[in-house]
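See below for the structure under consideration.
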Protein chains: 2
Amino acid sequence: MSPARADRDRADLGRLTEAQTRTARVALELFASHGVNGTSLQMIADELGVTKAAVYHQFRTKEAIVVAAVEMELTRLEAALDAAEATGPGPQALDALLRQVIDLAVARHRLVGTLQHDPAVARLLAEHEPFQRFVQRLSHALLGGKRSIEARVRAAMIGSAIGGAVTHPLVAGLDPDVLAAQLLRQTRRFLDLPGRGTGASG
Amino acid sequence: MSPARADRDRADLGRLTEAQTRTARVALELFASHGVNGTSLQMIADELGVTKAAVYHQFRTKEAIVVAAVEMELTRLEAALDAAEATGPGPQALDALLRQVIDLAVARHRLVGTLQHDPAVARLLAEHEPFQRFVQRLSHALLGGKRSIEARVRAAMIGSAIGGAVTHPLVAGLDPDVLAAQLLRQTRRFLDLPGRGTGASG
DNA sequence: GTCTATAGAATGATAGAC
DNA sequence: GTCTATCATTCTATAGAC
């Protein structure tokens with residue numbers, strides 16, 4: 001398999017070159033540790049083992065790196081969101097979506113905090129149209145057609161609960177599968193979802 | 001009432017001068033908007049209407065400002081924590097603690113994200129002893145003596161749910177009292193707490 | 001307690017050689 | 001695609017006058 005082909009198969013975004021993907025990946029790791037504003041291009045370059053100029057050859061600005069990194073991560077959720085919308089509103093679609101959101105949150109727990117709470121990312125989500133649409137879609141899917149105050153507060157709580165729990169010190173030592181199973185169970189309970197199967201995450 | 005006396009009564013920390021309190025207050029507001037790393041001393045000085053040098057007269061380093069700002073905010077929770085520990089483990093102590101945590105989170109919702117998720121603040125909480133103790137106490141009180149995996153996941157979820165919900169776009173327009181009442185109700189439900197009274201926040 | 005002025009380092013970003 | 005070298009700007013922090 002050619003490197004280009006391998007990139008196509010594994011890359012998070014088809015329109016990124018292999019070098020760009022590598023750059024966005026290490027940038028995202030650094031963002032998770034130090035925040036976007038706490039991560040300089042020098043740090044990214046050092047981590048890649050190249051100079052700043054080389055990084056600027058991949059992306060014209062630092063903001064472009066942030067956009068690529070966030071897109072890379074959100075793309076993982078899009079398939080789940082597509083499926084949920086296709087199945088339409090209802091407990092089954094919501095349950096399937098939650099299962100995938102939880103698995104993703106557990107698997108990518110180091111990055112969740114940055115995506116949900118970093119001020120620089122928040123600005124991006126608010127300004128970039130594609131991101132706006134994505135956030136809208138996710139909220140809509142989580143609400144499942146409901147609009148009551150109770151439903152909105154519940155949706156807000158559950159989104160934050162999942163995102164925040166995976167990085168919480170209290171669950172730091174837990175096995176990822178156990179954590180995912182527990183999160184799914186508690187989430188179902190909280191949302192009055194019947195719950196199906198064992199709740200295993202695989 | 002003399003200015004010094006007014007400061008004593010209203011200040012969040014007795015050992016801060018009036019000028020220091022003002023500085024920490026505007027700094028915290030800026031931290032909430034731009035993150036700690038995204039807030040420069042120039043921005044703080046501009047907001048205060050003075051020069052950087054004047055700010056450096058109040059605090060020797062930027063970190064000292066962050067420490068003071070975080071202390072100021074956490075102090076608000078200490079009384080509630082003291083009471084919870086005095087009452088000892090149990091549903092009543094936990095319920096009272098949650099009620100105060102929720103009211104505080106709603107009232108100070110713009111700052112909650114910074115305190116819970118800003119990388120610079122997280123570093124501080126991990127390194128400064130008094131902060132470590134505080135976080136330990138809060139976790140312990142939320143667990144209420146339990147140590148099971150289920151209890152730990154629940155505690156992690158509820159802490160993040162409250163903190164994250166108050167800043168969530170989905171509840172942006174809600175009346176603070178309504179939001180607090182809903183949060184308390186949902187939290188009690190999630191934790192299997194009996195719930196008492198109306199859930200009103202006053 | 002505030003100011004002007006500045007030191008010294010780091011930042012994002014660019015030009016041009018290889 | 002990577003390098004060296006550099007630019008203008010900003011950053012934290014300090015010195016010293018008022």
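Per chain, numbering begins at 1; letters A, B, ... match sequence-line order.
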Nucleotide [N], atom [atom2] - distance to [atom1] of [X] in whole Å:
X	N	atom1	atom2	result
Leu41(A)	dT14(C)	CG	C1'	13 Å
Arg60(B)	dG1(C)	CZ	P	17 Å
Gln58(B)	dT2(C)	CD	C1'	10 Å
Asn37(A)	dT12(D)	CG	C1'	16 Å
Met43(B)	dT11(C)	CE	C1'	15 Å
His57(A)	dC18(C)	NE2	C1'	14 Å
Gln42(A)	dA13(C)	CD	C1'	13 Å
Arg22(A)	dG1(D)	CZ	P	11 Å

Checking contacts here: which listed nucleotide ([options]) is nearest the side-chain heavy atoms of [X]?
X	options	answer
Thr61(A)	dT4(C), dA13(C), dC3(D)	dA13(C)
Tyr56(B)	dT12(D), dG1(C), dA13(C)	dT12(D)
Thr51(B)	dT14(D), dT2(D), dT4(C)	dT4(C)
Ala53(B)	dT4(C), dT4(D), dT2(D)	dT4(C)

Salt-bridged, [X] to [Y], with N to O below 4.0 Å?
X	Y	result
Arg189(A)	Glu150(B)	no
Arg76(A)	Asp103(A)	no
Glu29(A)	Arg25(A)	no

**Base dT11(C) to side chain Lys62(A), donor-acceptor N/O within 3.5 Å cut-off** =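 No.
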
**Asked** Nearest 0.5 Å, what's the CZ-CG distance between Arg110(A) and Leu28(A)?
**Response**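 Reported value, rounded in 0.5 Å steps: 9.5 Å.
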
**Message:** Counting only side-chain nitrogens and oxygens, does Ser40(A) get under 4.0 Å of the OP1 or OP2 atom of dA10(C)?
**Reply:**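 Checking dA10(C) against Ser40(A), no side-chain N or O comes under 4.0 Å of OP1 or OP2.
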
**Request:** Classify the angle between the aromatic ring planes of His117(A) and His117(B) as parallel (below 30°), tilted (30 to 60°) or perpendicular (above 60°).
**Result:**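 Rings of His117(A) and His117(B): parallel, as their planes differ by under 30°.
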
